[in-house]
Amino acid sequence: NPDGHVVLRGGRVRTNYDAESITEAVAALNKAKLPPHLMVDCSHANSNKNHELQALVLENITNQILEGNNSIMGVMVESNIGPGNQKIPQDLSELKYGISVTDACIDWETTEKSLLDMDSKLKEVLPKRNRG
């Protein structure tokens with residue numbers, strides 16, 4: 001499938017969004033004769049399960065693309081209206097609107113700023129790049 005991709009979510013031991021990890025993943029895909037298409041999860045283990053670090057991961061990915069990385073074809077961001085997450089209370093009327101009940105998320109303001117920053121930096125680069 002030429003449209004297939006690998007999602008890098010990080011692992012138990014370390015993150016895997018850094019340039020070295022991306023290079024290793026591309027090499028493994030090339031060795032397996034698969035398209036070197038990567039999606040990077042900015043959440044989960046790549047942010048050490050700290051939602052506040054997702055924007056930094058996204059910035060790092062943006063910089064890798066600016067430096068010529070052609071294998072990164074997408075990102076995943078855990079986002080909601082409000083930051084963090086909440087447990088589901090016994091009394092459902094206590095649920096806070098716009099706050100995740102699963103993974104901790106960045107809030108909408110941070111999401112918007114991060115994605116607009118990424119767009120601003122990459123709008124000239126992405127149309128010209130050659131994805132192999």
Side-chain angles (χ1 to χ4, degrees):
N1 178 355
D3 298 317
H5 58 273
V6 169
V7 178
L8 299 177
R9 291 179 47 137
R12 293 180 189 166
V13 179
R14 67 181 177 112
T15 62
N16 63 2
Y17 67 87
D18 58 280
E20 181 180 342
S21 296
I22 298 280
T23 299
E24 290 172 10
V26 168
L29 288 166
N30 285 334
K31 184 177 179 181
K33 296 183 179 9
L34 294 171
H37 302 162
L38 302 172
M39 180 175 292
V40 178
D41 184 344
C42 296
S43 185
H44 302 102
N46 274 336
S47 65
N48 295 313
K49 297 198 179 233
N50 177 351
H51 65 282
E52 295 173 342
L53 297 178
Q54 288 188 76
L56 294 174
V57 176
L58 192 58
E59 184 177 355
N60 181 285
I61 296 307
T62 301
N63 290 334
Q64 288 186 59
I65 294 169
L66 285 171
E67 292 166 4
N69 184 295
N70 289 323
S71 62
I72 299 168
M73 48 66 66
V75 294
M76 292 171 46
V77 177
E78 295 274 356
S79 175
N80 209 323
I81 296 168
N85 64 345
Q86 63 184 320
K87 301 268 188 224
I88 298 175
Q90 192 76 21
D91 178 358
L92 296 181
S93 70
E94 294 174 5
L95 278 172
K96 297 176 193 145
Y97 178 77
I99 307 293
S100 175
V101 295
T102 57
D103 295 333
C105 297
I106 56 176
D107 63 4
W108 182 250
E109 183 178 316
T110 303
T111 303
E112 182 179 41
K113 180 186 181 319
S114 296
L115 294 177
L116 288 173
D117 286 350
M118 185 179 206
D119 174 66
S120 173
K121 292 175 183 176
L122 297 178
K123 67 181 167 188
E124 301 293 325
V125 173
L126 291 179
K128 297 176 187 171
R129 77 182 196 161
N130 177 22
R131 260 195 35 208

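The two atoms that bring S47 and C42 nearest to each other are CB-O, 3.3 Å, heavy atoms only. Across all their heavy atoms, A45 and G10 have their closest contact at CB-C, 3.6 Å. I72 approaches N69 most closely through the heavy-atom pair N-OD1, 3.0 Å. When every heavy atom of G84 is checked against every heavy atom of S100, the shortest pair comes out as O-CB, 3.9 Å. Nearest heavy-atom pair, R14 versus D18, reported as atom, atom and distance to 0.1 Å: NH1-OD1, 4.1 Å.
Residues E67 and R129 are not paired through a salt bridge, judged by the lack of any N-O separation under 4.0 Å between the basic side chain and the carboxylate.
For the atom pair CD of E24 and CG of L8, the computed distance is 10.5 Å after rounding to the nearest 0.5 Å.
The salt bridge (Lys or Arg N to Asp or Glu O under 4.0 Å) test applied to E109 returns no partner, not counting sequence neighbours. Residues passing the salt bridge (Lys or Arg N to Asp or Glu O under 4.0 Å) test with K96: none are found, sequence neighbours excluded. Under the side chain to side chain contact (heavy atoms under 4.5 Å, CB included) criterion, D41 pairs with V7, R9, S43, H44, M76, sequence neighbours left out. D117 is linked by a salt bridge (Lys or Arg N to Asp or Glu O under 4.0 Å) to K113, counting only residues two or more places apart in sequence or in another chain.
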| query | Going through the distances and angles, do L66 and K121 end up as a side-chain contact (heavy atoms from CB on, under 4.5 Å)? | reply | CA-CA 8 Å; L66 285 171; K121 292 175 183 176; 4.2 Å; yes
| Stepwise side-chain contact (heavy atoms from CB on, under 4.5 Å) check, V40 with I22 | CA-CA 9 Å; V40 178; I22 298 280; 3.9 Å; yes
| task | Step by step, work out the side-chain contact (heavy atoms from CB on, under 4.5 Å) result for I106 and V77. | result | CA-CA 8 Å; I106 56 176; V77 177; 3.5 Å; yes
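At a threshold of 4.5 Å between non-hydrogen side-chain atoms, the residues L95 and Q86 count as touching. With a 4.5 Å cut-off on side-chain heavy atoms, N85 and D103 do not count as touching. Annotation: side chain of P83 is in contact with side chain of H51 (closest heavy-atom distance under 4.5 Å). Side chains of N16 and N46 form a contact here, defined as non-hydrogen atoms less than 4.5 Å apart.
If you check the side chains of D107 and T110, you find a donor sitting under 3.5 Å from an acceptor.
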Without placing hydrogens or testing angles, list every side-chain donor-acceptor pair under 3.5 Å for residues 25-36, not counting sequence neighbours.
unit_1 : atom_1 : unit_2 : atom_2 : d
N30    : ND2    : V26    : O      : 3.4

Can you list, pair by pair, the side-chain donor-acceptor contacts under 3.5 Å of residues 52-61, counting residues two or more places apart and other chains?
unit_1 : atom_1 : unit_2 : atom_2 : d
Q54    : OE1    : E78    : N      : 2.8
Q54    : NE2    : E78    : O      : 3.1
N60    : OD1    : Q64    : NE2    : 2.6

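A continuous path of ILVMFWY side-chain contacts below 4.5 Å connects V125 to L38, so both sit in one hydrophobic cluster.
Side chain of T15 to backbone of Y17: no donor-acceptor contact under 3.5 angstrom is found. In this structure, S120 contributes its side chain and L116 its backbone to no donor-acceptor pair below 3.5 Å.
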